[in-house]
Number of protein chains: 2
Amino acid sequence: MEEKKTTTRAAERALDILLCFVEKPELAMREIVEKTELSKSTVFRLLATLEAKGFVKRDPDTEKYSLGFRIWELANHINRSDDPAILFLPEMERLRDDIDETVSLYVRDGLERVRIQAVESQQAIRRVAPIGARLPLSVGASSKVIVAYTEGDLLGRVLSDPMWPSGIDRDLYIKQLQEIRTQEYAISMEEREAGTAAVSVAIHSRAGNLIAALVLSGPISRMNEEQMIQYVPRLVKAAKEMGKLV
Amino acid sequence: MEEKKTTTRAAERALDILLCFVEKPELAMREIVEKTELSKSTVFRLLATLEAKGFVKRDPDTEKYSLGFRIWELANHINRSDDPAILFLPEMERLRDDIDETVSLYVRDGLERVRIQAVESQQAIRRVAPIGARLPLSVGASSKVIVAYTEGDLLGRVLSDPMWPSGIDRDLYIKQLQEIRTQEYAISMEEREAGTAAVSVAIHSRAGNLIAALVLSGPISRMNEEQMIQYVPRLVKAAKEMGKLV
DNA sequence: TTATTTTGTTTCACCAGATGAAACGTCGTT
DNA sequence: AACGACGTTTCATCTGGTGAAACAAAATAA
């Protein structure tokens, strides 16, 4: 699509290696070679660089790599309020007040999504949304948003996950992802839970990275497809506002 | 000194830029150029790379850079128990039990040190050590250990800090740093607080990075110079053990 | 206002140094 | 002993990272 090449390959690759640890906390060099599709020598050298700077460490027994103390050090210097869960809360509340359905925020963790923030509708019948809940990436509107906008071979790994539900058609799933990328929202009707519908959009940073999936969910009695589509512009607006904060 | 060159320059430099944010949470490009002593073009390109991957973000108004959401993301995937404050606690307790003086752990934050962990002596007269206390890098045994083993121009910045105490001789301070690097421990007698003495050693990661300063402190009535020097081997042993954990 | 400085962005020719293939080492397994 | 899996090192090739310098934009001075 866009062709901007003001980036440095070697650095880019080193950062990619760091991001591998989001999938799995401990990695052998071989696994990193597979994930990044770089040559053994390159990964070896970049890992040596990262290790020398303390960004990764290596267990001398298992010889596996994991994130090093520098990450911990940097994390201490990142503003607590940079946590999307805190940063996005006011905008989520505004959205909930406008529509009065439950609003959730999901980020990916490996092959799952985690609800890191939620504000519930104030109606008697409402979707309850405990923070911290973990759900698979195979079903649900926000799952598809996350997979649709994540670069790399996440899709392949989700599809080949042994936990993939036998009731779900892989080809349909792939087709839905395409649709999501063009229409920029995802809808699910009673996909994971009977009686529940949801509509989700992606939150991107200014640089274009996927930060999280924003979801509006409620009972199908109030949320038919037509209704949900009418909510989309409001959702998109909220996601844009949130993106600006990151 | 040591000549190992299995590292990648570009990646190394990108990581150096990230570490600049430990000093100051918001940096203009110019400041990063100064700190890293790289050329403008290089910093510009590397920042673009870091921004594209979400490791730094740029405030569109001030045009200043700060750490991005990826750091937050990685931080969520680092084991909570990788925090030195938790990781080193058992070894600190062992040390305290052996010597029965207060043991503290300091890390640097800008031009200060922060006590991130402490276990106190169980004697009636003892050094009390509240966790979270912030002290200047100009005085105290652990300050000098931190400055002595930190690469880059930390020393210059400490010396030119307007907060430098007028009572302390800069040349003496520099000389003491040299001594610390050769003898591998630092001693302070009533330097910051009357009646208190301290002996400190560095904790290095296996890769050779300074993680923290380990300090034993107590009343001068029990801690004369001779006595403290006898404690050094035990301190060094503890620091070695801790270094293995990182 | 115009001149000057400071800071950020883009271009470009050069060649340092990043790269991947392949060889080598070192385990553990059959 | 032969094999395979994984990590390490070497090396010839040539990509792509580099800094200087030009350019642009914005702030400050005059």
Side-chain angles (χ1 to χ4, degrees), chain A residues 2-21 23-53 55-68 152-153 205-208, chain B residues 2-21 23-53 55-68 205-208:
Chain A
E2 10 59 60
E3 296 302 322
K4 26 175 88 177
K5 283 187 185 158
T6 335
T7 58
T8 301
R9 283 255 312 286
E12 217 168 17
R13 293 172 167 189
L15 300 178
D16 282 339
I17 290 179
L18 278 181
L19 292 180
C20 290
F21 292 98
E23 315 293 339
K24 209 157 163 260
E26 281 211 323
L27 293 167
M29 194 182 107
R30 179 187 53 79
E31 298 178 277
I32 298 174
V33 169
E34 285 165 12
K35 274 186 209 288
T36 58
E37 299 186 323
L38 301 172
S39 72
K40 275 200 293 182
S41 346
T42 302
V43 171
F44 180 72
R45 246 174 306 110
L46 288 174
L47 278 172
T49 309
L50 288 166
E51 192 186 7
K53 293 279 170 191
F55 282 78
V56 304
K57 68 179 182 205
R58 181 173 214 183
D59 187 307
D61 300 328
T62 68
E63 295 207 319
K64 290 201 171 190
Y65 291 91
S66 52
L67 292 173
D153 190 35
S205 70
R206 271 183 301 266
Chain B
E2 10 60 60
E3 297 303 319
K4 27 175 88 176
K5 284 187 188 159
T6 334
T7 58
T8 300
R9 283 255 312 286
E12 217 169 17
R13 292 172 168 190
L15 300 178
D16 283 339
I17 289 179
L18 279 181
L19 292 180
C20 289
F21 292 97
E23 314 293 339
K24 208 158 164 261
E26 281 212 321
L27 292 167
M29 194 183 108
R30 180 187 52 81
E31 299 178 277
I32 298 173
V33 169
E34 285 165 10
K35 274 187 209 289
T36 57
E37 299 185 325
L38 301 173
S39 73
K40 274 200 295 181
S41 347
T42 303
V43 171
F44 180 72
R45 246 175 305 111
L46 289 173
L47 278 172
T49 309
L50 289 166
E51 193 186 5
K53 292 280 170 192
F55 283 78
V56 304
K57 69 178 181 208
R58 181 173 212 183
D59 187 306
D61 301 327
T62 68
E63 295 206 318
K64 291 200 171 188
Y65 291 90
S66 53
L67 293 173
S205 70
R206 271 184 301 267

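How far CG of B/D59 is from NZ of B/K64: 10.0 Å, rounded to the nearest 0.5 Å.
A/F55 is not listed as a side-chain neighbour of A/L15, based on a closest heavy-atom distance of 4.5 Å or more. Proximity of B/T42 to B/R45: side-chain heavy atoms (C-beta onward) are separated by under 4.5 Å at one or more points. The closest side-chain heavy-atom distance from B/R13 to B/T36 is not below 4.5 Å.
In terms of position along DNA chain D, the nucleotide closest to A/R13 lies nearer the 5' end than the nucleotide closest to the other residue of the pair A/R13 and B/T42. Nearer to the 5' terminus of DNA chain D, by closest-nucleotide assignment, is the contact made by A/E31 (compared with the other of B/L46 and A/E31). Mapping B/E34 and B/S41 onto DNA chain C by nearest heavy atom places B/E34 at the nucleotide closer to the 5' end.
Distances shorter than 4.0 Å separate some side-chain N or O of B/R58 from OP1 or OP2 on C/dT9. Between D/dT15 and A/R9, no contact under 4.0 Å exists linking OP1 or OP2 to a side-chain N or O. Between D/dG17 and B/R45, no contact under 4.0 Å exists linking OP1 or OP2 to a side-chain N or O.
Here the P atom of nucleotide C/dT19 and the CD atom of A/E12 are 11 Å apart, to the nearest Å. Whole-Å rounding puts the A/Y65 OH to D/dC6 C1' distance at 12 Å. Atom CD1 in A/I32 sits about 11 Å away from atom P in D/dT8, given to the nearest Å. With rounding to whole Å, A/M29 atom CE is found 6 Å from D/dT8 atom P. Atom CD in A/E37 sits roughly 15 Å away from atom C1' in C/dG20 (whole-Å rounding). In this structure, B/K40 atom NZ and C/dT5 atom C1' are separated by 12 Å, rounded to whole Å. The distance from atom CG of A/L27 to atom P of D/dG7 is 11 Å, rounded to the nearest whole Å. Atom CZ of B/F44 and atom P of C/dG8 are 10 Å apart (whole Å).
Here the shortest heavy-atom pairing between A/A10 and B/A10 reads CB-CB, 3.6 Å.
Candidate nucleotides C/dG20, C/dG8, D/dT18 were compared by shortest atom distance to the side chain of A/S39, and C/dG20 ranks first.
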